[in-house]
Amino acid sequence: MISQTTKTTLVTKAWLILFCIVLLPLLFGPSDDIPETAAQGQTRLVLAFYYAWYSPSSFGPGLTPFQPVSPYFSTDTGTIQRQVNEAQSAGIDGFVQSWYGPETVNNQTETNFQALLNIASATGFKAAVDFETASPFFASNDDRINALRTLLSTHANHPAYLRVDGKPVVFFWANWILSPAEWVTIRNAVDPDRNSIWIAEGGDTTYLDAFDGLHLYNVAWSGNPAGTAATWAANTRAAAATYGGYKYWVGTAMPGWDASLVGSSTAPRDRANGDFYRSTFGGAAASSPDMLIITSYNEWKEGSQLEPSVEYGNFYLQLTAELSAAYKNGSIAVPPPPTALPTVDPNATPTATLPPAATFTPGPSPTPLPPTLTPSPLPSPTPLASPTAQPDGRILYTVQAGDTLITLADQFDVSLEDLYAWNNLLPNSLLSVGQTLIIGYTILPDGSTPLAGFPDARVKPDGTIVHVVGNGDTLLLIASIYGLTLDELYEISGLAEGALLQLGQEVVVGSRPRPTTIGGSSEDPEAGLRVAEEVVVATPEVTATAVPTNTPAPTNTAIIPPTAVPTQTTAAIESALEATVEPTPLAVAQTDAGMQPSSLLWLLIGAVAVLLIASVLLILVVRRR
């Protein structure tokens with residue numbers, strides 16, 4: 001017979017064994033609540049655009065709207081060290097420096113960037129380049145390809161070079177002087193495996209075929225910076241469905257803007273005692289950016305600097321420290337839109353032509369002599385006059401002095417082919433001041449809507465998707481645009497094999513379900529969320545005015561060379577159809593909520609019950625023995 005002590009020992013051991021088997025895995029085992037890898041993007045990094053081409057002769061009345069506390073040479077390593085220290089003390093994690101390429105003769109952007117990297121590495125600061133597409137050292141795309149290859153094989157391997165998700169980051173300025181197709185060619189030549197992250201400037205999402213993300217350099221024109229950031233964040237994220245891969249959004253903050261001394265067409269933006277900076281910083285933060293960038297640390301010629309000045313002292317550095325800290329700990333609030341709007345003179349005659357590429361003076365530039373390159377970045381291609389939406393769906397723009405079709409296409413993120421087609425113009429057509437142009441549509445004249453990502457596609461009121469035939473279109477080309485085989489195109493369109501196409505002909509390439517209502521009564525047009533196409537042309541807030549009677553009705557005669565048409569897939573069409581009318585800032589998607597506390601509690605209760613039952617059974621067995 002087993003003694004009572006032995007029985008107690010057996011029961012105790014049984015309890016311990018069951019505890020180890022049942023409870024320990026629950027308490028200390030892997031949980032779905034703990035992510036295995038860090039989320040892509042969402043770095044909370046605060047960066048600032050930085051310029052390294054100054055000499056004391058760069059500053060002064062008539063040259064810069066504000067003055068530094070002490071004029072300096074950008075070639076001076078002591079100056080670079082001071083600037084890095086100031087930026088770090090303000091919560092800035094890295095500089096994004098304008099870079100003209102790897103040429104070292106008469107190009108201090110290269111030699112100064114080398115110095116910046118070495119100084120930054122001593123303190124954990126980071127640096128990246130803002131690739132100047134219009135650099136005076138680039139005579140062709142081959143020059144740009146060689147420069148980017150050199151960048152990625154040299155500077156990008158420096159320990160201080162900025163990396164996100166394990167990849168070096170390259171920002172681009174004036175990428176819009178080249179077409180999206182040209183950038184695809186450049187990217188495939190330089191980085192075909194996408195081992196770096198390329199961030200383009202502007203709001204044209206068609207560039208995301210070659211680039212990995214977008215940022216807006218200048219937001220001084222916006223009366224609602226938070227709304228602007230939210231809209232472009234959503235547009236950038238949504239483009240991933242069309243072009244694949246993760247698309248990074250970089251939100252922009254600005255202390256102010258005054259580039260009137262360098263002939264900028266963007267109206268000055270008063271700093272309003274820091275209110276404009278707070279508004280843009282809070283708006284950028286609220287858009288859930290992957291990175292936040294400040295325009296700028298020291299762009300003195302455009303009056304956007306936060307570097308200490310005679311006029312403001314250290315105020316903007318201190319304000320940056322407060323805003324950066326609040327952003328990084330998640331406590332920053334979105335302030336209301338600033339009350340001081342851009343001071344635009346409605347009677348002024350703005351100019352929209354792009355300034356020529358920066359020039360330089362030949363000759364040596366040894367330190368600490370004044371640098372030979374003292375250019376300033378090109379002005380951001382922001383709209384000058386507000387386009388106006390009409391009741392019939394057209395978005396109209398009145399031509400200003402200096403406007404050209406090329407600059408208007410850049411300003412409003414539309415293709416030249418669409419401008420020609422919408423306005424019955426030819427490539428050699430001349431514009432006149434006061435002429436009214438169609439620069440986009442909210443609803444097309446026949447009630448159809450544009451299909452985002454497909455310039456010649458329209459969605460009819462009944463859901464039919466049609467392609468409007470332009471010059472150069474063939475059945476094979478149309479099929480390739482929409483990811484169809486010729487047989488599929490014949491079947492969908494009802495065309496016979498070998499059918500001849502005519503300009504303006506509408507070819508059916510697909511269909512979409514009618515809008516559906518999610519939640520609420522289907523008879524209530526205000527209830528729930530409705531599926532709708534996103535307007536192709538993004539413009540500032542517009543108001544309806546009378547429709548001019550002398551504007552010709554648009555016809556589509558766009559000339560689209562076969563080599564310039566990107567191949568799309570039907571999945572891209574479906575993604576475009578799923579876009580909502582009003583984009584909203586996107587947060588990181590949570591696909592798995594993990595184990596909830598209530599579920600864990602019930603598992604623990606069940607485990608305890610199992611242990612109790614097992615104990616009773618063990619006691620009974622022992623007693624029988």
Side-chain angles (χ1 to χ4, degrees), residues 31 33-50 83-96 120 123-128 160 162-166 169 197 199 213 215-216 219 224-230 232-234 236-237 246 248-256 271-297 306-308 314-338 584-590 593-594 597:
S31 170
D33 290 334
I34 303 174
E36 295 181 1
T37 57
Q40 194 165 13
Q42 306 294 307
T43 64
R44 298 259 179 200
L45 286 171
V46 175
L47 309 172
F49 284 112
Y50 174 78
Q83 293 169 331
V84 168
N85 292 343
E86 288 175 348
Q88 280 191 300
S89 69
I92 296 172
D93 301 298
F95 283 152
V96 178
T123 60
F125 199 65
K126 298 300 179 184
L162 175 67
R163 286 179 171 265
V164 170
D165 295 330
V169 181
I197 296 172
I199 307 294
H215 77 283
L216 301 178
V219 295
N224 181 10
T228 297
W232 288 114
T236 303
R237 306 293 196 199
Y246 187 88
Y248 294 82
W249 163 246
V250 182
T252 301
M254 294 183 71
R271 297 193 173 208
N273 297 318
D275 285 346
F276 181 67
Y277 194 26
R278 295 182 183 95
S279 178
T280 57
F281 208 113
S287 68
S288 298
D290 296 297
M291 292 166 271
L292 189 151
I293 196 162
I294 301 166
T295 304
S296 63
Y297 177 80
L306 55 84
E307 189 176 22
N314 292 330
F315 174 79
Y316 282 95
L317 276 179
Q318 295 169 352
L319 183 55
T320 301
E322 297 172 10
L323 294 171
S324 296
Y327 168 59
K328 291 177 181 180
N329 65 29
S331 64
I332 193 169
V334 181
T584 55
L586 302 181
V588 178
Q590 300 294 330

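The analysis underlying the following values was restricted to heavy atoms, covering all of them including side chains, and did not include hydrogens, waters or symmetry mates. Throughout, numbering of the chain's residues begins at 1 and tracks the sequence.
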Straight-line distance of [X] [atom1] to [Y] [atom2], nearest 0.5 Å:
X: Tyr327; Y: Ile332; atom1: OH; atom2: CD1; result: 9.0 Å
X: Ile294; Y: Leu306; atom1: CD1; atom2: CG; result: 5.5 Å
X: Leu292; Y: Ile92; atom1: CG; atom2: CD1; result: 10.0 Å
X: Asn314; Y: Glu307; atom1: CG; atom2: CD; result: 10.5 Å
X: Leu47; Y: Thr295; atom1: CG; atom2: OG1; result: 10.5 Å

Under a 4.5 Å cut-off applied to non-hydrogen side-chain atoms, are [X] and [Y] in contact?
X: Arg163; Y: Thr43; value: no
X: Phe281; Y: Leu319; value: no
X: Val164; Y: Leu45; value: yes
X: Phe276; Y: Pro225; value: yes
X: Trp249; Y: Ser288; value: no
X: Tyr50; Y: Val96; value: no

Legend entry - Enclosure of Asn85 CG (heavy-atom neighbours >12, cutoff 6.0 Å): yes
Go through the structure and list residues passing side-chain hydrogen bond (donor to acceptor under 3.5 Å, both in side chains) with [X], not counting sequence neighbours.
X: Glu322; result: none
X: Thr236; result: none
X: Asp93; result: Lys328
X: Thr252; result: none

Between [X] and [Y], what is the shortest heavy-atom contact and its length?
X: Asn273; Y: Tyr316; value: C-OH, 4.2 Å
X: Ala284; Y: Gly251; value: CB-C, 3.8 Å
X: Ala229; Y: Gly283; value: CB-O, 3.7 Å
X: Asn329; Y: Ala326; value: OD1-O, 2.8 Å

Inset, instruction - Would you tell me whether Asp165 and Tyr248 have side-chain atoms, one donor and one acceptor, within less than 3.5 Å of each other? - result: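 Indeed, the side chains of Asp165 and Tyr248 share at least one donor-acceptor pair under 3.5 Å.
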N/O donor-acceptor pair under 3.5 Å between [X] side chain and [Y] backbone:
X: Arg271; Y: Tyr277; answer: no
X: Ser89; Y: Glu86; answer: yes
X: Gln88; Y: Thr123; answer: yes

Legend entry - Partner residues of Phe315 under the ring-ring contact (aromatic ring centres under 6.0 Å, His included) criterion, sequence neighbours left out: none
Inset, instruction - For Arg278, check salt bridge (charged side-chain N to carboxylate O under 4.0 Å, His left out) against everything at least two apart and list the hits. - result: Asp275
Legend entry - Mutual orientation of the aromatic rings belonging to Phe125 and Phe95 [parallel < 30°, tilted 30-60°, perpendicular > 60°]: perpendicular
